[in-house]
Amino acid sequence: MNWFRDFLLPKSAASNTGDVDGLFMFITWLTVFFFFFNGGLIWYAVRKWRRRSNDDITPHITHDTKLEIIWSVIPLIVVMFIFFWGFRGYVRAWVVPNDALEIVVTGKKWVWEFEYPDGSRSLNDLHVPLNKPVKLVMHSEDVIHSFFVPAFRIKRDVIPGRYTELWFTATEPGVHQVYCTEYCGKGHSDMLARIFADTPEQYEVFLREGDEQVRKMPLKELGKLVYENKGCATCHSIDGTRGQGPSLKAIYGQQITDAAGKSHTIDANYIRESILNPQASVVAGYEPIMPTFQGLLREREILGMIEYIKSLQ
Amino acid sequence: MSDSTTTVQTDRHAHAHPPGLQHHFTNMTQQFEAAKLGMWLFLVTEVLLFGGLFVGYGIMHSKHPEAFVAAHHHLDWRLGALNTIVLLLSSFTMVMGVWAAQTGQRKKLIAFLLLTVFLALVFMGVKYVEYSHKFHEGLLPGKFYSHQGDTVPGQFMFFSFYFMMTGLHGIHVLLGIVAILWITFRAWRGHFSAQYYGPVDITGLYWHLVDLIWIYLFPLMYLIS
Amino acid sequence: MSNHAADHAHEITGPRTYSLILLALLVLTIITVAAARFDFGSMNTVVAILIASIKGSLVALYFMHLRHDRFNAVIFVLGLFFLAVFLIWTLFDISTRKTVLPGNLKQAPQAFPGAPLNKPIRPSTGQPLGAPPAP
Amino acid sequence: MADAMTPTAAHGHPDYLSENKGLWNWLTTVDHKRIGLMYLWSVTAFMIIGGLLALVIRLELLTPRQTIMSAELYNRAFTLHGAIMTFLVIIPAIPAILGNFALPLLLGAKDVAFPRLNLASLYVYWIGAAMAVSTLLLGGVDTGWTFYTPYSTTTGGGVSMMVLAAFVLGFSSIFTGLNFIATTHKLRAPGMGWFQLPLFVWGMYSTAIIQILATPVLGITLLLLVMERVFHIGIFDPQLGGDPVLFQHFFWFYSHPAVYIMILPAMAVMSEVIPTFSKKSIFGYKAIAFSSVAIALLGFLVWAHHMFVAGMSLFAGAIFSFLTFFIAIPSAIKVFNWIATMWRGSIDLKVPMLYAINFLLIFTIGGLTGLFLASLSTDVHLHDTYFVVSHFHYVMAGSNMLALLAGLHYWWPKMYGRMYNNTLATIACTLIFIGFNATFLPQFVMGSRGMPRRYYNYLEQFQTMHVASTIGSWILAAGLFLALATLLASLRKPKDAVPNPWNGRTFEWEAGSPPITHNFEHTPVCIYSPYDYREHPVPIAEEEKSAH
Ligand code: HEA
Ligand code: HEA
Ligand code: CUA
Ligand SMILES: [Cu+2]
């Protein structure tokens with residue numbers, strides 16, 4: 001009867017789905033059984049005791065306590081059984097393993113944004129390693145959304161003003177569909193995302209070079225994305241105003257003097273060093289507060305940043 | 001409510017019906033009991049209507065206790081207590097009115113009803129004083145809240161509830177005044193007797209419920225700590 | 001039920017009882033006010049509700065004649081019962097909700113009017129989210 | 001039920017339809033039967049509007065992406081469909097139509113306890129309906145019928161108006177319920193004790209309990225929503241310190257019990273139709289009566305099963321799931337009792353009985369699919385998918401609509417004094433059964449495969465099932481229109497119905513077809529049980545004696 005399960009449910013792709021599928025199929029069979037059981041009884045009664053004439057005499061039966069107790073107790077047992085089965089699955093889906101990889105999910109009209117532990121972000125595409133528990137910490141910027149992955153049998157609302165969590169361990173490599181299942185307006189049905197369950201090799205590539213979206217992006221645009229997403233914007237402006245750090249506008253090719261009195265030309269190497277090892281030369285007049293981005297930016301992102309700064313003339 | 005206060009229907013069977021008995025009831029007791037049951041069912045809906053607000057208030061209070069306590073200091077508990085006493089007195093005069101009706105004392109009935117209306121107006125007067133004071137200070141519900149110098153953020157929510165709850169209650173008081181005046185008018189016309197006083201009793205029930213709700217509103221709004 | 005009706009019509013409570021009840025209600029009002037100036041710690045609200053409920057019962061039993069009116073009393077209490085169910089279970093859910101926070105936040109961001117809107121904190125930067133970038 | 005048969009119009013009184021004709025007389029009537037009929041046609045009108053909207057929805061879903069309308073329009077369409085169907089059609093349907101018409105007759109009363117309140121309820125209904133329809137002029141409503149915050153507090157259009165309409169309609173429902181409780185308590189025929197009440201009355205009584213206890217909470221919820229929109233009071237707004245999920249508690253505290261406002265009356269109709277057409281006493285009278293009350297009361301304890309994935313706590317989820325399952329027990333008891341009633345009966349497959357059998361089958365599916373949703377781990381997967389949509393159409397559209405049709409065909413001779421064409425009505429019933437299952441069975445499958453609800457656009461993989469569902473909806477519509485046409489066609493004939501065409505045992509069959517304005521020439525007296533189908537019925541008094 002596996003074909004029936006595969007007809008009713010999407011192919012399971014996570015570790016905890018067995019419990020859910022088992023219960024689902026149990027209740028399905030229960031429903032099928034009672035449909036045919038009740039239908040059969042009715043059919044039998046109608047065939048056998050169809051009215052023959054208007055003076056048919058029927059027995060006067062008002063009740064049968066024993067029978068009635070039986071058909072109250074049997075459903076009671078059945079539903080209690082279902083309750084505990086469902087509860088078990090729910091608890092398993094509730095308790096997050098400690099070693100889970102944490103990813104922050106932001107829902108907003110009508111995109112999903114994922115933020116990885118290294119601070120990199122992506123829209124609508126989420127990469128996760130296979131066979132490793134992953135925990136999603138989710139919140140919404142506007143209305144309620146809901147994060148639903150049918151293949152993992154998980155779903156939880158994404159609520160403004162509060163965080164909710166969801167976890168899974170993907171067991172099937174490939175792409176899994178994510179839907180928004182809480183009605184959120186015009187773009188509700190297009191608020192889709194994909195989860196890429198990566199093999200270790202694929203995940204390596206992803207960690208090193210970012211996801212496909214990033215890999216295909218022109219360098220300059222990638223730089224802009226990094227500037228906006230990695231926190232550069234909090235200290236550096238691009239319009240020439242002074243922030244906690246110097247503005248990045250039109251600095252490429254300029255000469256600057258650092259706190260130690262040495263002067264530098266701002267070129268690709270200088271920018272790279274400023275990002276990876278900012279304290280090596282601190283621009284005169286600024287505090288040495290810029291954190292290092294060693295390990296937080298991928299090589300291609302640094303190249304992108306350089307291109308982006310170049311473009312800010 | 002209005003159904004028990006209806007005039008006689010022309011009945012095709014032309015039985016000798018007592019005045020005030022509607023065609024589909026067999027006797028006055030049945031009609032009175034039905035009307036009273038109807039009123040109680042209506043009161044239950046009122047309890048749940050206000051109840052929803054109490055639940056909302058309770059939950060927001062437990063979520064922002066400091067803000068609510070800080071905000072309630074803007075209310076004058078003395079005015080609240082005064083109004084509590086006024087309403088309790090009015091409940092008393094109302095029930096005395098019912099007693100007068102039951103014992104067939106028409107003059108006393110009218111007097112007690114008018115006294116009740118008077119006390120209700122006093123209540124509304126005090127509310128007017130309180131409200132205008134709040135308006136003046138910018139203690140208004142929701143986005144109209146413009147009070148300056150709050151020490152704890154979130155105080156505005158207390159006033160959202162304050163106005164919704166006392167406002168809804170105030171509307172009920174006004175409706176009660178109208179109902180009692182109508183009953184007074186009918187008493188004056190001599191509609192009631194020791195045998196037929198259902199409408200007085202039923203209006204009384206409504207009025208006591210209005211009092212009952214205030215009994216809870218007072219400590220929850222004016223006296224929290 | 002309807003056959004009881006006639007018998008009760010004569011059970012008329014008189015002014016004496018009503019006056020006593022009024023007195024009790026006024027005294028209880030004073031007690032509430034007094035109790036409010038007294039700190040019972042976490043029991044403050046409970047005490048206030050308790051006194052209000054005594055007052056409410058007096059009004060319902062005597063002024064509203066529920067003392068002689070079993071059936072309507074059942075209806076009324078049923079209403080209060082379901083109101084209590086509503087309050088208690090909603091509070092139960094709200095008070096047992098799990099507080100989930102991203103790894104780098106120690107405390108849930110609080111939001112209040114007047115204060116900047118409740119922008120969630122971005123874990124990587126510790127800064128509030130800016131305007132959402134266009135998709 | 002009583003001893004004597006009163007022949008129609010023996011005293012020369014005209015029936016309630018012929019007396020005082022004219023629009024004005026209808027609009028000012030306090031006759032419960034006329035009010036019932038006015039409800040019938042009002043509700044039918046809205047059912048057609050809601051149904052046409054459903055057909056439009058189905059048409060849009062024929063293909064992925066845009067088929068006939070934009071996403072904005074689609075969202076408005078399903079919201080209006082849901083709101084009309086719940087607030088204007090199904091909640092008033094059986095209580096206000098069949099309840100108003102039949103309850104006083106079944107009790108042997110002349111009218112409901114508060115006839116003018118009854119008329120007021122109809123006017124309130126019309127006002128609410130006008131308000132609901134007027135939202136179309138205000139730009140429509142796109143929140144879904146559940147009005148979840150914060151979406152509903154931030155979107156534009158006529159949300160406030162729609163919410164106020166639902167508020168007003170709530171009063172109509174409260175008035176009806178209040179009337180039924182008072183009528184059942186105070187206006188029973190002489191000799192009619194609680195266990196001689198026809199079970200229809202028990203069902204209506206249980207429904208009325210819910211209407212009285214739950215509807216006011218809906219009222220205040222909707223008022224809070226309007227306040228939030230107009231004043232920004234903050235209670236549901238996370239940015240102001242409120243809690244958007246709190247709204248869901250408020251909403252479902254009403255709306256879950258409300259689903260039993262929809263099914264209890266349907267069950268009430270079953271308990272009349274099945275014994276009549278089986279010519280046999282109802283099986284387990286008390287069990288059915290108490291099950292109705294049990295469903296009504298239990299229904300208040302389970303509302304949060306709509307919120308299992310809304311960030312509720314583990315404990316709260318477990319408790320609400322646990323309690324939800326208990327409602328399956330009284331429902332199961334009823335289903336089995338009805339089948340047992342048919343057992344060894346003399347089953348006459350007239351149209352009402354056919355609808356009743358269809359009800360049994362469809363309710364079995366609809367109810368049992370509720371178990372998937374009540375159970376925690378499966379609900380996580382199925383919540384807000386088409387599985388839920390299909391579940392509630394099986395119980396609301398399927399079960400309730402079939403019961404309404406069963407009751408309508410059952411009491412039609414009483415209402416209008418005319419018999420309809422049995423063959424055409426049977427064909428209609430068959431079409432409805434086929435069409436209904438063709439529409440909604442595929443939705444179970446696409447739902448469990450992950451198709452979310454309220455989706456205007458969907459992935460290619462779901463198209464086959466959407467197409468099947470859309471075609472089913474046309475068959476269903478054809479069946480419903482045929483049923484309506486058959487009933488309407490009968491009105492063109494002269495009155496030909498006898499007072500008791502089905503050999504029923506309850507009081508209404510002793511009144512004329514149609515009855516006179518005050519229902520009975522002589523006040524009936526309850527001597528026999530309403531379900532005593534013996535050749536020589538035994539008076540209740542004797543039966544009780546022999547029991548001791
Ligand atoms: C008439 C209306 C009606 C009725 C009667 C029911 C009946 C039931 N409903 Fe349904 N429900 C709705 C209308 C209704 N529902 C609506 C409108 C929604 C969605 C609202 C929205 O989100 O828009 C909904 C949604 C809904 C949910 C939330 C799903 C979600 O959003 O995630 C749940 C969860 O528990 C649920 C459960 C049940 C249960 C357990 C019953 C039970 O009462 C069913 C009991 C009946 C039976 C069990 C069948 C008869 C018994 C037998 C044949 C015997 C055999 C039985 C056993 C062995 C147990 N329903
Ligand atoms: C009583 C309730 C009721 C009824 C009867 C129906 C009837 C139907 N519904 Fe509806 N539906 C809801 C209540 C109902 N629905 C609710 C509450 C929602 C949720 C909305 C939301 O998400 O907010 C919903 C949502 C909903 C959706 C999901 C939309 C989405 O999530 O994107 C769909 C999709 O297929 C649908 C289809 C249908 C169809 C094909 C019918 C067909 O059964 C309609 C057939 C009817 C006709 C064609 C009219 C003909 C009628 C007559 C001729 C009158 C006959 C009368 C007499 C004889 C008296 N409905
Ligand atoms: Cu986001 Cu639906
Ligand atoms: Cu429910």
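The structure presented is a predicted model; accordingly, all values stated were derived computationally and were not measured. Proteins come first, then strands; the chains are lettered A, B, ... in the order of their sequence lines, and each starts at number 1.
The aromatic rings of Phe336(D) and Trp71(A) lie tilted to each other, with the angle between the two planes from 30° to 60°. In this structure, Tyr179(A) and Phe462(D) have tilted ring planes: the angle between them lies in the 30° to 60° band.
Only the backbone of Ser313(D) comes within contact range of chain A, with at least one heavy atom under 4.5 Å from a heavy atom of that chain. Of the two parts of Thr164(A), only the side chain, counted from C-beta on, holds a non-hydrogen atom closer than 4.5 Å to a non-hydrogen atom of chain D.
Contact of the Thr385(D) side chain with the Phe148(A) side chain is registered, since non-hydrogen atoms from C-beta on lie closer than 4.5 Å. Residues Ile144(A) and Tyr151(D) have side chains not in contact (no heavy-atom distance under 4.5 Å, counting atoms from C-beta outward). In this structure, the side chains of Leu368(D) and Ile27(A) stay at 4.5 Å or more apart for every pair of heavy atoms. The side-chain heavy atoms of Lys286(D) and His63(A), taken from C-beta on, include no pair separated by under 4.5 Å. Within the 4.5 Å cutoff, the side chain of Asp64(A) has heavy atoms near those of the Phe283(D) side chain. By the 4.5 Å heavy-atom criterion applied to side chains, Val143(A) and Thr154(D) are counted as neighbours. Between Val79(A) and Ile329(D) there is a side-chain heavy-atom pair separated by less than 4.5 Å.
Interface summary for chain A: among Met307(D), Glu535(D), Gln461(D), Arg454(D), the most heavy-atom pairs under 4.5 angstrom belong to Arg454(D). When each of Cys180(A), Gly86(A), Ser189(A) is scored by its heavy-atom pairs under 4.5 Å with chain D, the top score falls to Ser189(A). For the set Ser146(A), Cys184(A), Ala93(A), Gly89(A), the count of heavy-atom pairs under 4.5 angstrom toward chain D peaks at Cys184(A). In terms of heavy-atom pairs under 4.5 angstrom with chain D, the leader among Pro150(A), Pro10(A), Ala45(A) is Pro10(A). Top candidate by heavy-atom pairs under 4.5 Å with chain D, chosen from Ser53(A), Gly39(A), Pro75(A), is Pro75(A).
Looking only at distances, no side-chain donor or acceptor of Thr58(A) sits under 3.5 Å from a matching main-chain atom of Gly345(D). One N or O on the side chain of Tyr90(A) and one on the backbone of Phe308(D) form a donor-acceptor pair closer than 3.5 Å. Between the side chain of Arg344(D) and the backbone N or O of Ile61(A) there is no donor-acceptor pair closer than 3.5 Å. Under a 3.5 Å cut-off, the side chain of Lys279(D) and the backbone N or O of Asp56(A) do form a donor-acceptor pair. Arg449(D) places a side-chain N or O within 3.5 Å of a backbone atom of Asp6(A) that can act as its donor or acceptor partner.
Within 6.0 Å of atom CG in Asp99(A), more than 12 heavy atoms from other residues, nucleotides or ligands are found, so the atom counts as buried in its surroundings.
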Would you check, one step at a time, whether the test side chain to side chain contact (heavy atoms under 4.5 Å, CB included) holds for Arg162(A) with Val245(D)? CA-CA 10 Å; Arg162(A) 205 177 124 201; Val245(D) 180; 4.0 Å; yes
Kindly indicate, with the supporting measurements, whether the criterion ring-ring contact (aromatic ring centres under 6.0 Å, His included) is fulfilled by Tyr533(D) and His60(A). CA-CA 7 Å; Tyr533(D) 284 91; His60(A) 186 69; 8.9 Å; no
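Note that OH of Tyr458(D) is 13.5 Å distant from CG of Asp190(A), once rounded to the nearest 0.5 Å. In this structure, Asp348(D) CG and Arg52(A) CZ are separated by 11.5 Å, a value rounded to the nearest 0.5 Å. Atom CZ of Phe87(A) is separated from atom CG of Leu314(D) by 5.0 Å, given to the nearest 0.5 angstrom. For the atom pair CZ of Phe24(A) and CZ of Phe387(D), the computed distance is 5.0 Å after rounding to the nearest 0.5 Å.
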Output a table of donor-acceptor pairs, distance under 3.5 Å, between side-chain atoms of residues 376-384 of chain D and any protein atom two or more places apart or on a different chain; print 'none' if there are none.
{"residue": "Thr378(D)", "atom": "OG1", "partner": "Phe372(D)", "partner atom": "O", "Å": "2.7"}
{"residue": "Thr378(D)", "atom": "OG1", "partner": "Ser375(D)", "partner atom": "O", "Å": "3.3"}
{"residue": "Thr378(D)", "atom": "OG1", "partner": "Ser375(D)", "partner atom": "OG", "Å": "2.8"}
{"residue": "His381(D)", "atom": "NE2", "partner": "Ser448(D)", "partner atom": "O", "Å": "2.9"}
{"residue": "Asp384(D)", "atom": "OD1", "partner": "Arg453(D)", "partner atom": "NH1", "Å": "3.3"}

